[in-house]
Amino acid sequence: MRIGAARRSRRHQRRPAGPRLGGRRMVVLGLTGSIGMGKSTASRMMRRLHVPVHDADATVHALTGPGGAAVPAIAAAFPDAVRDGRVDRAVLARQVFGDDAALRRLEGILHPRVRTAEHAFLRRQALAGRRLVVLDVPLLFETGGERRCDAVLLVTAPAFLQAQRVLGRPGMTPERLQQVRAKQMAEPEKRRRADVVVNTGRGMAPAYRQVRALVRRLRAEGEA
């Protein structure tokens, strides 16, 4: 049985099988995890294993950086957040955090552009004959992005370790962490929906072994 088949029968149907080129099917793996869970580390593991990764956060940074395609639209919607042709992310964050209407406006600007970049990535990798690619999306379940994936890998860790990691970051406070958590799907529900769960709280070496085994398994599925 292919990964996630039993769970998929109990949930909504995911994307149809990826494209076949030269007899190969490209498997699309979603990678997600809440703040401080180790998702970025898992993404680096994937790259170490030579798996192409599309990083949604990196795409947003490019879109909002100097000369970014989203800068004009953000300047029109949030004039105070754009200075000298670049987005001041700290100002923008203050304007949208806690303001659902402002956040929806920002998402309306960014999400379609991120999806366009994602589609271009998938086309390039399919044409290159890749058997496995990763979509690294922090809010994958929250935005329904799992429907674009063949399987989903969730990176998790105990709540105390998550807090320890996040509160060590500049500018983070317990109140802000609580606000971020409130915007994200509850961890038990994410674990229920995921096909594979990697617990980084057990150490990075065991996590890497689990990721490596998953990559081998999915690459083999791409050949089937």
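Computed from heavy atoms alone, side chains included, the values below leave out hydrogens, waters and symmetry copies. Not measured: the values here are computed from a predicted model.
With rounding to the nearest 0.5 Å, the separation of CZ in R130 from CZ in R219 is 8.5 Å. The CD atom of Q125 lies 10.5 Å from the CG atom of L132; values are rounded to the nearest 0.5 Å. With values rounded to the nearest 0.5 angstrom, R115 atom CZ is found 14.0 Å from L110 atom CG. Distance OG1/T143 to CD/E107: 9.0 Å, rounded to 0.5 Å. Atoms CG and CG, from L214 and L29 in turn, are 5.5 Å apart once rounded to the nearest 0.5 Å. L49 contributes atom CG, which lies 4.0 Å from atom OH of Y208 (distance to the nearest 0.5 angstrom).
R86 is not listed as a side-chain neighbour of T64, based on a closest heavy-atom distance of 4.5 Å or more. At least one side-chain heavy atom of F97 sits less than 4.5 Å from a side-chain heavy atom of V180. Within the 4.5 Å cutoff, no side-chain heavy atoms of V198 are placed close to those of L154. R131 places none of its side-chain heavy atoms less than 4.5 Å from the side chain of V27. D195 is not listed as a side-chain neighbour of L153, based on a closest heavy-atom distance of 4.5 Å or more. Within the 4.5 Å cutoff, side-chain heavy atoms of R181 are placed close to those of Q162. L106 has its side chain within reach of L92: a pair of non-hydrogen atoms, C-beta onward, lies under 4.5 Å apart.
Under a cut-off of 6.0 angstrom, the local environment of CZ in R169 is crowded, with over 12 non-hydrogen atoms contributed by other residues, nucleotides or ligands. Environment of CZ in R89: crowded, with over 12 heavy atoms of neighbouring residues, nucleotides or ligands closer than 6.0 Å. E189 CD: more than 12 foreign heavy atoms inside a 6.0 Å radius. Heavy-atom neighbours of R47 CZ from other residues, nucleotides or ligands within 6.0 Å: above the threshold of 12.
Residues E187 and T156 approach most closely at OE2-OG1, 2.8 Å, considering heavy atoms. Shown here for Q184 and S34, the closest heavy-atom pair between the two residues is OE1-CB, 3.1 Å. When all heavy atoms of T173 and L167 are compared, the pair lying nearest together is C-CD2, 3.4 Å. Looking at every heavy atom in both residues, V155 comes nearest to A42 through CG2-CB, 3.6 Å. For A157 against R165, the heavy-atom pair with the smallest separation is CB-NH1, 3.8 Å. For the pair V71 and G65, the tightest heavy-atom approach, listed with the atom from each and the gap, is CG2-O, 3.3 Å.
Partner V28 forms a side chain to side chain contact (heavy atoms under 4.5 Å, CB included) with one of V134, V152, L135 and no other, that one being L135. Here the rule is salt bridge (Lys or Arg N to Asp or Glu O under 4.0 Å) with E142, and of K190, R193, K183 only K190 fits it. Among V133, D136, T59, the one residue that satisfies the side chain to side chain contact (heavy atoms under 4.5 Å, CB included) test with H54 is T59.
Side-chain contact annotation: S40 with R44, donor-acceptor N/O pair under 3.5 Å absent.
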(message) Between R124 and L127, is the side chain to side chain contact (heavy atoms under 4.5 Å, CB included) condition met? List the steps.
(response) CA-CA 5 Å; R124 289 194 304 272; L127 289 171; 6.0 Å; no
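No continuous path of hydrophobic side-chain contacts links L103 to L139 [ILVMFWY only; heavy atoms under 4.5 Å].
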